[in-house]
> 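Quick one: this structure, given as structure tokens, is what I'll be asking you about.
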Amino acid sequence: MALYATAASVLAGVESRRGSIKGLVYASSFQNVKQLYALVCETQRYSSVLDAVITSAGLLRAEKKLRPHLAKVLVYELLLGKGFKGGSGGRWKPLLDRHQARLKAELARLKVHRGVSKNEDLLQVESKPGPASQVPRFVRVNTLKTCCDDAVDYFKRQGFSYQGRASSLEDLRALKGKCFLLDPLLPELLVFPAQTDLHDHPLYRAGHLILQDKASCLPAVLLAPPPGSHVIDACAAPGNKTSHLAALLKNQGKIFAFDLDAGRLASMATLLARAGVSCCELAEEDFLAISPSDQRYRQVQYILLDPSCSGSGMATRRLEEPRAGTPSKARLQALAGFQRRALCHALTFPSLQRLVYSTCSLCQEENEDVVRDALQQNSGTFRLVPVLPSWPHRGLGTFPGAERCLRASPETTLTGGFFVAVLERVEAPSSVSRAEAPAPPPEAAPRRKRRRRAAAPGVPPRTEQEGKR
């Protein structure tokens, strides 16, 4: 049935950072949006319970073609939802009939083990509000389309109360109702109370606002490429950081964005178009297969590397091992191996001057260990840069200088869990001579003449926005 397949797709999107439930539901082509939304929300609410039952019953081992997210949706409907009446289960009903007795037995066993009698009681411990549920709603103003002052004025006209720039994390914790603040660190980041839903807001739908966690904004801000730069976004989807880079570049320069997932790239193209990004070249390619000697990338001086990770810092993402607080050692080793290869590969680009490595993981194996190994392999060529000295949560002291890295968490920074390291070349690259440096654009001289004419009496100066048009 289309409902279950679509719900599984939305659930997978939420857990792989492609968007929120509401955003992905509305982006789907399913007609009964309310039915779909309710099914996905309830399935996610019982996610760990369903993981436990499915694992204990051996459903995925027995049905190897059944995808995990679809299994979760179907088992929710069978055990906790409306059930399959008549032909509502479609082609999945015979499969579930084969496992129904075992699944029900495992659910009953779980209740006995936890000492509860009702399905809802299984959520009692999980439903207690934790630090992650208190993380504010961060909203980045997209400066390619508007400015912070105009966004603030729009919200004020809608009845929101603007409280000015926050002075501390306590100001953010105290936010309630329709009050909002300007972030104390990032100049284009608005902060609303936790659970504020802006997916239907006209400014979001028009691309003037980007719903992006504060920690996720740090990589682009710390990379800080000036307008006109050539930048690589190595593992780019879903695209929020790419759009942030484009805003910092003011759409002047070039972003080479790579990702292997065609579906994520298609969604990313839509996001970038809505955000007004025009300086980005998307490629469905493996970053590890990109040749640093390719002439297209000879001017790349900035790289943002945010590779696939365990997602252990994301409150909304379930890790792959049911009921586990951290991913397995085998999975961590596989992820860290890929991350290490990607970082070392990025450091071989001949003109590279500055690189930001980031993950949404809390695991040392994916963070400090990867950075340490890459620095050891490039000893004397790149160094860790100390950034944001007032940031309260630093890297784990696993090697000298690790405190120059940044960490983030709901408890310490009121954000999602995150890790950021900034690497900078120690000496100028020898493979690119000054003669190869990009020449100024041919229209630079005429522009100077136009500016002199614009300064003449009676002639209004050309504005920045007019120049962009």
> Please give me the minimum heavy-atom distance between L362 and A408, naming the atom from each residue.
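For L362 versus A408, the nearest heavy atoms are CD2-O, 4.0 Å.
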> Using modelled atom types and a 3.5 Å cut-off, is there a donor and acceptor pairing between side-chain atoms of T55 and backbone atoms of A52?
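Absent.
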> In chain order, what residues pass the salt bridge (charged side-chain N to carboxylate O under 4.0 Å, His left out) check against E368, with sequence neighbours excluded?
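In terms of salt bridge (charged side-chain N to carboxylate O under 4.0 Å, His left out), with neighbours along the sequence ignored, E368 is linked to R407.
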> Who are the ring-ring contact (aromatic ring centres under 6.0 Å, His included) partners of H393, not counting sequence neighbours?
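Checked H393 against ring-ring contact (aromatic ring centres under 6.0 Å, His included); zero matches.
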> Between Y297 and H230, is the ring centre distance below 6.0 Å?
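Not close enough - the centres of the two rings lie 6.0 Å or further apart.
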> Between Q364 and T398, is there a side-chain donor-acceptor contact under 3.5 Å, judged purely by atom types and distance?
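There is no such pair (donor and acceptor under 3.5 Å, judged by atom type) between the side chains of T398 and Q364.
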> Could you measure the distance from the CG atom of L50 to the CG atom of L59? Nearest 0.5 Å is fine.
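Atom-to-atom, L50:CG and L59:CG are 11.0 Å apart.
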> Taking all non-hydrogen atoms of both residues into account, name the closest pair between K241 and P219 and its distance.
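For K241 and P219, the tightest heavy-atom pair comes out as CE-CG, 4.0 Å.
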> When you measure from the centre of the six-membered ring of Y204, is the NZ or CZ of R274 closer than 6.0 Å and no more than 45° off the axis?
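Geometry flag: set, cation within 6.0 Å and 45°.
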> Would a distance-only check, ignoring hydrogens and angles, find a side-chain to backbone donor-acceptor pair under 3.5 Å from R140 to Q212?
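A pair under 3.5 Å: no.
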> Mind checking what makes ring-ring contact (aromatic ring centres under 6.0 Å, His included) contact with F399, not counting sequence neighbours?
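Applying ring-ring contact (aromatic ring centres under 6.0 Å, His included) to F399 gives none.
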> Are C309 and Q339 close enough that some pair of their side-chain heavy atoms sits under 4.5 Å apart?
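SC-SC contact between C309 and Q339 confirmed.
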> Has H244 got a side-chain atom pairing as donor or acceptor with S216's backbone, closer than 3.5 angstrom?
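Judged by distance alone, no pair lies under 3.5 Å.
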> Using atom types as modelled and distance alone, determine if a side-chain donor or acceptor of R354 lies under 3.5 Å from a backbone N or O of L222.
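Yes.
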> In Å, rounded to the nearest 0.5 Å, how long is the span from OG1 of T412 to CZ of R394?
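Rounded to the nearest 0.5 Å, the OG1-CZ separation comes out at 11.5 Å.
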> What residues, two or more places apart in sequence or in another chain, satisfy ring-ring contact (aromatic ring centres under 6.0 Å, His included) together with F192?
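If we apply the ring-ring contact (aromatic ring centres under 6.0 Å, His included) test to F192, skipping adjacent residues, the hits are F155, F160, F180.
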> What I'd like to find out is whether the side chain of L245 reaches to under 4.5 Å of the side chain of Y302, using heavy atoms alone.
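Contact flag for L245/Y302 side chains = no.
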> Are side-chain heavy atoms of V141 and L209 found at a separation under 4.5 Å?
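Yes, at least one pair of side-chain atoms sits under 4.5 Å.
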> Got a sec, which residues hit side-chain hydrogen bond (donor to acceptor under 3.5 Å, both in side chains) with T146, two or more places apart in sequence or on another chain?
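Checked T146 against side-chain hydrogen bond (donor to acceptor under 3.5 Å, both in side chains); zero matches.
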> Does any non-hydrogen side-chain atom of L414 lie less than 4.5 Å from one of P136?
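Heavy-atom side-chain distance check passes, below 4.5 Å.
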> What's the separation between atom CG in D183 and atom CG in L172, rounded to the nearest 0.5 Å?
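That separation rounds to 6.5 Å.
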> Evaluate the side-chain proximity of P202 to Y154: yes if any heavy-atom separation is below 4.5 Å, no if none is.
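Result yes, sub-4.5 Å side-chain heavy-atom pair found.
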> Hey, what do you get for CD1 (I210) to NZ (K145), rounding to the nearest 0.5 Å?
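Separation between the atoms: 9.0 Å.
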> Verify whether one side chain among N367 and T359 offers a donor that lies under 3.5 Å from an acceptor in the other.
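Yes - a donor-acceptor pair under 3.5 Å links their side chains.
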> Using atom types as modelled and distance alone, determine if a side-chain donor or acceptor of S291 lies under 3.5 Å from a backbone N or O of S293.
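A pair under 3.5 Å: yes.
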> Within the structure provided, determine whether H201 and Q158 are in side-chain contact (heavy-atom separation under 4.5 Å).
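Contact flag for H201/Q158 side chains = yes.
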> Out of V300, L355, L352, which residue meets the side-chain contact (heavy atoms from CB on, under 4.5 Å) rule with I232?
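The option that passes is V300.
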> Quick check against the 3.5 Å criterion: does R296 have a side-chain atom that pairs as donor or acceptor with the backbone of F256?
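Looks like no, no N/O pair under 3.5 Å.
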> Do you see a donor-acceptor pair shorter than 3.5 Å between the side chains of S161 and Q163?
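Checked: S161/Q163 side chains pair up, N/O donor to acceptor below 3.5 Å.
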> List the atom of R425, the atom of P350, and the distance in Å for their closest heavy-atom pair.
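In this case the closest contact between R425 and P350 is NH2-O, 3.6 Å.
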> Strictly distance-based, threshold 3.5 Å: is any side-chain N or O of S351 a donor or acceptor partner for the main-chain N or O of Q299?
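No; zero donor-acceptor contacts below 3.5 Å.
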> Around atom CZ of R165, are there more than 12 heavy atoms of other residues, nucleotides or ligands at under 6.0 Å?
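Enclosed: over 12 neighbouring heavy atoms sit under 6.0 Å from CZ of R165.
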> On a heavy-atom basis, which atom in V135 and which in D213 lie closest, and how many Å separate them?
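Here V135 and D213 meet closest at CG1-OD1, 3.9 Å.
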> Please report the interatomic distance CD(Q353) to CZ(F382), rounded to the nearest 0.5 Å.
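Between atom CD of Q353 and atom CZ of F382 there are 7.5 Å.
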> Kindly compute the distance separating CZ (F338) from NE2 (H345), expressed to the nearest 0.5 Å.
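Here the rounded value is 10.5 Å.
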> Applying ring-ring contact (aromatic ring centres under 6.0 Å, His included), name anything that partners Y357, two or more places apart in sequence or on another chain.
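Y357 satisfies ring-ring contact (aromatic ring centres under 6.0 Å, His included) with no residue once adjacent residues are dropped.
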> So does T381 get a backbone contact from the side chain of N378, meaning a donor-acceptor N/O pair under 3.5 Å?
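The answer is no, because no donor-acceptor pair under 3.5 Å joins these two groups.
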> Kindly indicate whether the side chain of I303, heavy atoms from C-beta on, has any atom under 4.5 Å from the side chain of V231.
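No - every pair of side-chain heavy atoms lies 4.5 Å or more apart.
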> For A247, does its backbone N or O pair with a side-chain atom of K250 as donor and acceptor, under 3.5 Å?
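No, K250 side chain to A247 backbone: no donor-acceptor pair under 3.5 Å.
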> Would a 4.5 Å heavy-atom cut-off, applied to side chains only, mark L182 and L190 as touching?
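A side-chain contact under 4.5 Å exists here.
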> Quick one: does any side-chain atom of E366 pair with a main-chain N or O of S310 as donor and acceptor, under 3.5 Å?
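Yes, because the side chain of E366 sits within donor-acceptor range (under 3.5 Å) of the backbone of S310.
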